[in-house]
Amino acid sequence: MIPTAFRYRRAGSVAEALALLREGGPGAKLLAGGHSLIPMMKQRLAEPELLIDIGGLLELCGVHAVGDAIEVGATTTHADLAASALLRERAPILAEAAAEIGDAQVRNRGTIGGSLAHADPGADLPAVLIALDAAISITGADGSRTVPAADFFRDILTVDLEDGEILTDVSFRPVRSAAYAKLPQRASRFALAGVAVALEMEDGVCRAARVAVTGAASHAQRLPAVESALVGARLPEGAAAACEGAGDALDFVNADLHGSEEYRRAMVAVMARRAVESAAARG
Amino acid sequence: MTSANAPLLPKLIGERVKRREDPRLIRGLATYVDDLKLPGMLHLAFRRADIAHGVIRRIDVSAAAAMEGVELALTGAELAEHLGPMPIGTPFPAPDHYSVAVDRVRYVGEPVAVVAAADRYLARDAADAIEVEYDELPAVVDPEAAMADGSATLHEGFARNVAVGGYQGGTGVNAETAQAEDDSAMDAAFAEADVVISQCMLNQRLAPNAMEPRGVVARYEAGSDYLTIWSATQNPHILRTLAAGMLGLGEHQVRAIAPEVGGGFGCKINIYGEEYAAAALSRLTGAPVKWIEDRTEAFLATTHGRDILGDVEIAAKRDGTILALRAQLLADIGAYEVLLTALIPTLTGMMMNGVYRIPVVRHELTEVFTNKTPTDAYRGAGRPEGLYFVERAVDMLARELDMDPAELRRRNFIPAAEFPFPTQSGLVYDSGDYEAALDTALAAADWESLKAERDAARAEGRIVGVGMAFYVEVCGLGPSSVVPTGGWEHSGVTIERGGKVTATTGASPHGQGNETTFAQMLADHFSVPIGDIAILHGDTGVVKQGIGTFGSRSQAVGGAALMLAAGRAGDKMKRFAAALMADHEASPDDLVFESGRIQVAGAPEVSRSFAEVADFAYVPVPLPAGLEPGLSEEAFFEPENNTYPFGCHISMVEIDRDTGEPRLLRLIAVDDCGNVINPLIVEGQVHGGLAQGIGQAMFEEVVYDEDGQPLTASFMDYVMPRAADLPAFELERTVTPTPVNPLGAKGVGEAGTIGSSPCVVNAAVDALAPFGVRHVDMPLRPERLWRLIHDRDQNGGQP
Ligand SMILES: Cc1cc2nc3c(=O)[nH]c(=O)nc-3n(C[C@H](O)[C@H](O)[C@H](O)COP(=O)(O)OP(=O)(O)OC[C@H]3O[C@@H](n4cnc5c(N)ncnc54)[C@H](O)[C@@H]3O)c2cc1C
């Protein structure tokens, strides 16, 4: 629980953070809320030489309506997401999922950018952003780029982010008929299995669906089979049938003392059904 | 001398006085070990084994020693030149156990080297720089396999890894040899039985997880050959005795201080290698040294609790009369015997009578070494295990007989008239009224409605169960014959100039609230404001003698010592007062303390103020005949017996059909701890105990993989109960005083832990009974429950 020595710099702007990243090279790491990075440093699983604190960067913070999209800055905390009236109104799934993260301290410090960049296999927000079909904006020395959330998460703790890049914000078209259901791992409260669902409903029938799972596998990903099973289904009545076997399509499923592979696969189906039912209930 | 109009002080015993300790604890004004900063202090870090079992082939501390800021780096072999094997407090044979492993490691987390450096970060870096190579040995992980032919063994001289083998107790057993001599009663009981219940169950391994991890500061002053050692310990006097012995000092050369201690739960009874090593390194470096355990170390290197496998059989008649109970107990004690390791499971065996008048009871206990963290006391220490086995088995019997579990228990209770009751294991239960507690619990829970509510929920397709457990436990330890350190407690009471009172106690509270309860008792005794009383503890330089706080003994034993000393100080004070009131020919025997004055009973106009008499005692001119100056008295109290609190817990549990997640809907606890000084504190103790007992039932377990690697070495994997996991507890009490101490108080520190685990599991099994489930091991893992439900669902079974 004692980290190795490191230097600490607080960045005053994204530009300064980029410059510091370049200077620090591979030993440099961004620090946002610190609620994933610092525990790793205390266990000496991460030993950065330089921490570049972007947690206070206001230019990266906040939930804004931009045209018909919503943009969320990377350093927006989970607590801010949970409290956002805009999200509660137009994309309640994100506020609700954020409200279920960890505990109050974690939500007050942890940020959406940190959660996405870190990509813990049990993190909640990655599934939600995939379901919302969010675009993730990244900036680096060579300029900026955007990646669809569904392509961003690659493997365990592995995302489409190069050394020297900063995740700046996420943007998505708000969906009201969306919900997240999570079975928490009982110790960490991360998702043992979590499923986010965004639906397009018409007269009680599902017209389109995006479904993403987290917790069960190495990284958050879509569940295409469930998505296609949902299209055309009358909901919530057809939820169970559409979600049956939802977990079976995953190639790789985690297994540990909190849940075997078999259990996790089964729980993916349960959470998918619950999420679909809640999303459908929103009309 | 105008006392008549002074307001009378209210009596405080029995009142819900708020804890005087809390403001400083809540406001961050308390001093814990880690708050101590001594000039020139060095910081220790231990390099620990990352394998479960192996011989140290090579260890090289030179790189660490060469680092800037590093004062000293020692291997276990080097430290062993200054520290011998550690002492234990049980009569059982034990292998040598060094503070830092000398040539072989036996559990992940065992220290192999120690570093003293200028700060904590450097110390840790240096510990990491130590090179260690091992020849790995097969890890012994399963206690049954540990005893099998061909298993690797941990210690020479302990064949088949058996630390304590075939240790028997109960009916037909020779208590001297702990061996059975006469099986006839047992054989007859089983022959006569209509029903036999038989179940093997695990009372799983737990990590105590005190909020404050361990910590020690040691300062050896070479000039005066004097060691001062501050430690987060439950028993500074035992620390003083053992540290003195380890360092070759006398007790007059050691002062041990337990400053504020943030919880112990039994794991801070043991005196650990880190404490001895700190003392030795302070002597070697000439500087004060500090070591603060981090949470990872707390999971790996602080003693664990429980881990007993019980194979229990009950023989009964169809009418529910229990004829006999026998139990095979297998304790997985981990890699070494520390202070009380081998003793704890013997308490499990001793409790197998439960609250029942079972005529034939026997247990056989085996304790086995494995490559895991050593076990020692954990809240309840042996009794939760025993009562869990008994109460699960009795519940199974009720189900087998299709009898209400309350009714079955009632039929077998030891009747109130039969106390003191000698058990088959040789204990003598002091007092009890089990039916009263049962009736109180049934009324509080509205048992019949609760069952109806369960049935209604089931009709809706929910998976709901109700359960109960009844416990008795042994605490208030105890006569010196049963406690290796001596079972007495000590107290000193000084009435200071000005009439304020300073009391010392050898109990060493670390969350129990004795500063409040003891002050309440003295406030009533001397009839002075509670604010005029200081209770000092936890410092052998201040508290002359003591044993410590464990086994729910502070009130029953420490409180009794306090009142003995207070009685002596008060008696002397009355003699001074009588001398001052000689005009009135007041005899000391006629005087009473009343609201800050000492007055003639029935004649309040004849009085002196408490302060005036106190002042006179220190400047006694003239000195009354036969009196020495001063008002400072002390007392040792030796109880004639342990105390045996009891109670009945009832709970309702729901299990999520889809996920298997259990939820505790209700928990009703009736606890009888005898007379109560402060109901608020008693309830607080019960609340904490319930949380830990429920934690064991539902959430907690230390798990190792087949290589002896711990899988639960952080809060990311070790499931601690949280406030949101617990219902609002519904508490009631019955009061059956104990005759074994003048207070009639029994002890309540562990009660909640003991009753709640079997109670919750019984409710869970009741919930799962429609699926054909008879037993489920703790903790109630969602997947475990889901499988029980799911497998049956596939067969079309419906609750
Ligand atoms: C006790 C506890 C419980 C938790 N429970 C949950 C839970 O239930 N669900 C859940 O989803 N999460 C949970 N978390 C994790 C929490 O949400 C973290 O806050 C989050 O995962 C990381 O965000 P952060 O801002 O703290 O990132 P940091 O810890 O500061 O950083 C994490 C990583 O991301 C990088 N990084 C941070 N920001 C950026 C950026 N803008 N661009 C590029 N890289 C960046 C850092 O360099 C670092 O590698 C829990 C954490 C704790 C400590």
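The model shown is predicted, which means the values in this text are computed figures rather than measured ones. Here is how names work: the chains are called A, B, and so on, in the same order as the sequence lines, proteins then strands, and each is numbered from 1.
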Of all heavy-atom pairs between [X] and [Y], which one has the smallest distance, and what is that distance?
| X | Y | value |
| --- | --- | --- |
| B:Glu783 | A:Ser260 | OE2-OG, 2.5 Å |
| A:Pro184 | B:Glu661 | CD-OE2, 4.1 Å |
| B:Thr296 | A:Gln43 | OG1-OE1, 3.8 Å |
| B:Arg124 | A:Met1 | NH1-N, 3.8 Å |

Tell me whether the count of non-hydrogen atoms from other residues, nucleotides or ligands lying under 6.0 Å of [atom1] in [X] goes above 12.
| X | atom1 | result |
| --- | --- | --- |
| B:Arg784 | CZ | yes |
| A:Arg282 | CZ | yes |
| A:Glu244 | CD | no |
| A:Arg88 | CZ | yes |
| B:Glu131 | CD | yes |
| A:Arg10 | CZ | no |

Taking atom CD1 of A:Ile2 and atom NE2 of B:His43, what is their separation to the nearest 0.5 Å?
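Here the interatomic distance stands at 10.0 Å.
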Heavy-atom contacts under 4.5 Å, residues 699-709 of chain B to chain A
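The stretch touches chain A at B:Phe699, B:Val703.
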Is a salt bridge present between [X] and [Y], judged by a nitrogen-to-oxygen distance below 4.0 Å?
| X | Y | value |
| --- | --- | --- |
| B:Asp725 | A:Arg186 | no |
| A:Arg44 | B:Asp128 | yes |
| B:Asp294 | A:Lys42 | no |

Is there a side-chain contact between B:Thr659 and A:Arg274 in this structure, where contact means two heavy atoms from C-beta onward sitting under 4.5 Å apart?
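They are in side-chain contact.
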If we only count heavy atoms from C-beta on, is the A:Glu262 to B:Arg787 side-chain gap below 4.5 Å?
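A side-chain contact under 4.5 Å exists here.
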Heavy-atom contact with chain A under 4.5 Å, split by part of B:Tyr121
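Its backbone and side chain both get close to chain A.
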Proximal component of B:Arg722, with respect to chain A [non-hydrogen, under 4.5 Å]
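The side chain, not the backbone.
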Can you tell me which of B:Arg295, B:Arg120, B:Met720 forms the most heavy-atom pairs within a distance under 4.5 Å of chain A?
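Heavy-atom pairs under 4.5 Å are most numerous for B:Arg120.
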Please state whether the side chain, the backbone, both or neither of [X] comes within less than 4.5 Å of a heavy atom of chain B.
| X | value |
| --- | --- |
| A:Leu257 | both |
| A:Pro39 | neither |
| A:Arg264 | neither |

Would you confirm whether A:Gln185, through its side chain, and B:Met716, through its main-chain N or O, come within 3.5 Å as a donor-acceptor pair?
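Looks like yes, one N/O pair under 3.5 Å.
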